[in-house]
Amino acid sequence: MRSISIDTNTLLTRHADVGIVGAGLAGLMAARELAAAGVSVCVLEARDRVGGRTWTRPTSDGTLLDVGGQWIGPTQQRMNRLVAELGIETFKTWDIGENVQYRGGERHTYSGAIPTTDPLVAGDVMEALLTLNMMAMRVPLETPWTASDAAVWDSQTFATWIDANVSAPGARTLLELAIQAVFSAEPRDLSLLHVLFYIRSAGGLMDLLGVTGGAQETRFITGAQTVANRLADALGDRVVLGARVHTIIQDDAGAQIISDTLVLSCARVIVALPPTLAGRLHYRPALPGLRDQLTQRMPMGTVYKVQCIYPKPFWRDAALTGQASSDTGAVRITFDNSPSDGSRGVLLGFVEGDEGRVFGQRSPQERRAAVLECFVRYFGAQAGQPLDYVEQSWAEEEYTRGCYAGYMPPGVWTMYGAALRAPIGRIHWAGTETATHWNGYMDGAVQSGERVAAEILAALEIHPTSRV
Ligand SMILES: Cc1cc2nc3c(=O)[nH]c(=O)nc-3n(C[C@H](O)[C@H](O)[C@H](O)COP(=O)(O)OP(=O)(O)OC[C@H]3O[C@@H](n4cnc5c(N)ncnc54)[C@H](O)[C@@H]3O)c2cc1C
């Protein structure tokens, strides 16, 4: 092993066949798969908990709140299978009643998938969704940059596409809302090719947006972090918390992963971080320019997840789902996030994209007031008297730096896409951003963990049954 300039003498040392950076779902799944094949693994996690972008926290009265990822949908086969294997209990998101839409200063209720009471707007939106779904079908998931129209689609933002293709103001507003809700970014931030890739990766736009039948259908009784906790429990002391990795060294003899507390020597490395965080590690030798420049070009979205806890889900008495969409205010999307037994009422709101960027500059009191103002507008005066208010900003999280995921602005898929998953020497890449199915979601994180484990078993020429 080549000598290093960092003084590692005071640090603990350890050896494993494979060292994994990050104990989110991707890193933990990779560890699970490799361990099952008899490969020794060690997962180094910067935080004092596992789960990364999934995080379940109790409120002062013990109500469990997911402040990160929380839903799974029926077509997310990997998460559904994993949850069944781990015996984790789930329940359906409350989706009974009418939804609220707030547009141009007026509040209305409606039923159905498209948040409008105007049939003309609904027609325009449906036409746009169908067009986008058809275009998305032409994006190869492994290699989006090889789509026949990739150059054209990757040269424009989604805002450009809306401008050119959707004329009715009501329909434009709904498409903008949909993009903010799915990416926690603005239509002008995103490459059209990336939006189309994402749609295909999920199976269709309504799969991304829907509650019943869509990505918001199912929740976890004990919170979504239960999945990561169970995976980590099974891995035992192969997961090391409080170990922030800062440097990865590789040469002909092997690799070293250097964290604040431990130096791990290994044959292969998995970096299971969002690309922008992977780009903040030091690599020796330095990574090729294409890979580093990719990580310079995949920003994270901006989101505050805000939740108000009430004595009961009072909106259900008014035959409302708790779902609202709005063109005004900090919170433009809401859901009923009450516990499965309805013992408390929880209204969940997202402050996304530009709203999230502005929101973070306000004082905590102003933020709380802005959220309550929205909830009262959508659900009435009772919404103004919560027992508790909880907010989580993911941009402030040192070991995440934004959410829901890293995305591609124009020009990135076509010029840098090939560097997203390609291993560099002993280093392999995982994380939901590298997934081909349900990219950006927990399911995508699981897929990436499985894919990278298979990649490493092949590189080590290990067949799952050849070792114990
Ligand atoms: C508010 C919010 C809502 C969401 N809603 C949903 C949803 O409803 N459904 C859904 O499927 N998905 C949702 N997502 C997305 C989902 O949570 C993520 O796609 C998924 O959890 C990503 O897993 P990952 O393992 O790829 O990355 P992460 O979870 O980001 O894991 C990376 C890990 O690496 C660690 N780390 C970072 N830097 C270092 C370092 N230098 N050294 C060591 N460790 C490091 C981090 O602490 C983290 O544990 C949501 C996310 C957020 C934040």
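First listed ligand is number 1; within each ligand, the first listed atom is number 1. Side chains included, hydrogens not; waters and symmetry mates left out as well; all remaining heavy atoms used.
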Point to revise | Option from Glu355, Glu176, Gln180 for which side chain to side chain donor-acceptor pair (under 3.5 Å) with Arg332 holds | key: Glu355
Check your understanding: Should we count CD of Glu85 as having more than 12 external heavy atoms under 6.0 Å?
Key -> yes
**Study point:** Partner residues of Tyr198 under the ring pair (Phe, Tyr, Trp, His ring centres under 6.0 Å) criterion, sequence neighbours left out
**Key:** Phe183, His194
Practice item. Sort out the contact shell of ligand 1: every protein residue with a heavy-atom distance below 4.0 Å, listed by chain and number. Key: Val21, Gly22, Ala23, Gly24, Leu25, Ala26, Leu44, Glu45, Ala46, Arg47, Gly51, Gly52, Arg53, Thr54, Val67, Gly68, Gly69, Gln70, Trp71, Ala243, Arg244, Val245, Ala272, Leu273, Leu277, Leu281, Lys305, Trp394, Tyr399, Cys403, Tyr404, Gly431, Thr432, Gly440, Tyr441, Met442, Ala445
Exercise for review: Please determine if Glu373 and Arg377 form a salt bridge, counting it only when a charged side-chain N lies under 4.0 Å from a carboxylate O.
Suggested key: yes
Practice item. Tell me, please, which residues at least two apart from Tyr416 pass ring pair (Phe, Tyr, Trp, His ring centres under 6.0 Å). Key: none
Practice item. Identify, with sequence neighbours excluded, every residue that meets ring pair (Phe, Tyr, Trp, His ring centres under 6.0 Å) alongside Phe359. Key: Tyr304
